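Below you'll find the structure, written out as structure tokens, and then a few comments.
Bear in mind that the values here come from a model prediction, so they are computed numbers and not experimental data. Throughout, protein chains are lettered first and strands after them, A, B, ... in sequence-line order, and every chain is numbered starting at 1.
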2 protein chains.
Amino acid sequence: MEPSTKDRILSSWQDSLHRHGFRVTRPRQQVMEIITSSTTALTPQEIYQKSLEEEKFPGIASIYRTLEMLEKLGLIQQIHQPGGCHGIWPTFEGHNHYLICRDCGQMKVIEGNEDITGYISRIEDQTGYRVDDHWLQFFGTCSDCLD
Amino acid sequence: MEPSTKDRILSSWQDSLHRHGFRVTRPRQQVMEIITSSTTALTPQEIYQKSLEEEKFPGIASIYRTLEMLEKLGLIQQIHQPGGCHGIWPTFEGHNHYLICRDCGQMKVIEGNEDITGYISRIEDQTGYRVDDHWLQFFGTCSDCLD
DNA sequence: TCCTTATTGATAATAATTATCATTATCAGT
DNA sequence: ACTGATAATGATAATTATTATCAATAAGGA
């Protein structure tokens with residue numbers, strides 16, 4: 001049976017932990033499982049709440065420690081959302097743009113290969129800034145919530 | 001003498017408070033003054049710290065209350081920043097994009113009249129989402145920090 | 001299986017935000 | 001300008017979120 005996208009991510013994350021000398025512990029696995037299973041960006045507290053549904057769950061401190069580690073490894077990032085603050089979301093290759101449903105929070109990642117270099121050049125000329133990165137997020141309603 | 005941009009903003013903010021039945025008090029004036037004078041997006045705590053430099057300063061609770069009011073009136077918004085969370089920034093007419101210096105935090109507002117509607121249409125077709133808003137922020141180095 | 005030590009859980013400490021309530025000050029109506 | 005109704009404040013308690021501490025535990029190489 002083909003490994004699912006989620007399984008491939010989880011497996012690559014475990015490899016990354018090993019490569020960097022981090023142990024793959026039960027609490028860490030639980031946090032990674034929750035993050036990669038979610039269709040919405042979750043806050044640390046939301047991740048903790050979800051973990052409570054399991055038989056054995058991590059302490060809140062381990063949630064924060066795991067998130068800190070995953071972020072340092074570049075495996076997750078904070079996505080900023082309207083009317084609140086950031087939720088955790090996996091990092092993918094290349095530059096990405098994000099699409100968020102206002103109703104259900106469902107997130108979609110879009111490969112950010114759209115050409116806005118012309119726009120960036122004009123901004124640099126106008127302002128004297130040197131631009132090296134950008135965030136582009138779209139908000140709207142997903143097909144499920146449109147019904 | 002011509003009123004400065006800042007004075008015009010402050011005056012329109014005071015009008016807005018009056019129109020909505022809010023009183024223009026000293027603590028509120030101090031908070032509005034600090035926000036409109038800043039070249040960087042400030043957190044509530046940073047605004048409080050700046051207010052402490054004045055002879056008479058607001059209690060921390062009034063800072064939060066004022067920010068809540070200004071946000072409800074649509075006069076300010078939260079700008080999300082890399083490696084931290086949001087800072088407060090005035091809202092301007094129309095759709096805007098933001099340019100933030102990583103070094104000094106200096107912000108520039110760009111009229112977001114650049115045409116990305118084609119991009120949005122393609123995203124809607126690909127994903128089935130209906131997109132009604134977007135955030136676009138650029139990060140880089142301002143001309144002062146480039147020297 | 002054993003041993004080293006990274007990691008955990010429990011909890012204390014810190015920081016940020018919100019709620020409470022008696023006192024103060026804005027401003028509409030004289 | 002004065003006055004009164006009450007919105008707003010300041011002080012602080014309560015709540016919530018995050019970080020630090022440290023003895024006990026468990027991952028994973030030998």
Item checked: Footprint string (nucleotides 7-12 of chain D, 5' to 3'): B base within contact, S backbone only, - free, heavy atoms under 4.0 Å -> BSBBB-
For residues 17-28 of chain B, which side-chain N or O atoms pair as donor and acceptor with protein atoms under 3.5 Å away, sequence neighbours left out?
unit_1: B:His18; atom_1: ND1; unit_2: B:Gln14; atom_2: O; d: 3.4
unit_1: B:His20; atom_1: ND1; unit_2: B:Ser16; atom_2: O; d: 2.8
unit_1: B:Thr25; atom_1: OG1; unit_2: B:Arg28; atom_2: N; d: 3.4
unit_1: B:Arg26; atom_1: NH2; unit_2: B:Glu55; atom_2: OE1; d: 3.1
unit_1: B:Arg28; atom_1: NH1; unit_2: B:Arg23; atom_2: O; d: 2.7

Round to the nearest Å and state the distance from [X] atom [atom1] to [N] atom [atom2].
X: A:Glu71; N: D:dT19; atom1: CD; atom2: P; value: 10 Å
X: A:Glu54; N: C:dG9; atom1: CD; atom2: P; value: 12 Å
X: B:Ile88; N: C:dA16; atom1: CD1; atom2: P; value: 14 Å
X: A:Glu68; N: C:dA6; atom1: CD; atom2: C1'; value: 15 Å
X: A:Arg19; N: D:dG29; atom1: CZ; atom2: P; value: 15 Å
X: B:Tyr48; N: C:dT18; atom1: OH; atom2: P; value: 16 Å
X: A:Gln29; N: D:dA27; atom1: CD; atom2: C1'; value: 11 Å
X: A:Gln45; N: D:dT15; atom1: CD; atom2: P; value: 16 Å

Check: Using the ring of each side chain (for Trp, its six-membered ring), is A:His95 parallel, tilted or perpendicular to A:His134, with breaks at 30° and 60°?
Finding: tilted
Check: What's in the same ILVMFWY side-chain cluster as B:Leu146, cut-off under 4.5 Å, chained through other members?
Finding: none
Check: Is there a path from A:Ile63 to A:Trp89 through hydrophobic residues (I, L, V, M, F, W, Y) whose side chains come within less than 4.5 Å of each other?
Finding: yes
Item checked: Distance-only donor-acceptor check, side chains A:Ser62 and A:Arg65, under 3.5 Å -> yes
Check: Are B:Trp135 and A:Phe138 close enough that their ring centers fall under 6.0 Å?
Finding: no
Margin query: Below the 4.0 Å mark, does D:dA27 have OP1 or OP2 next to a side-chain nitrogen or oxygen of A:His18?
Written below: no
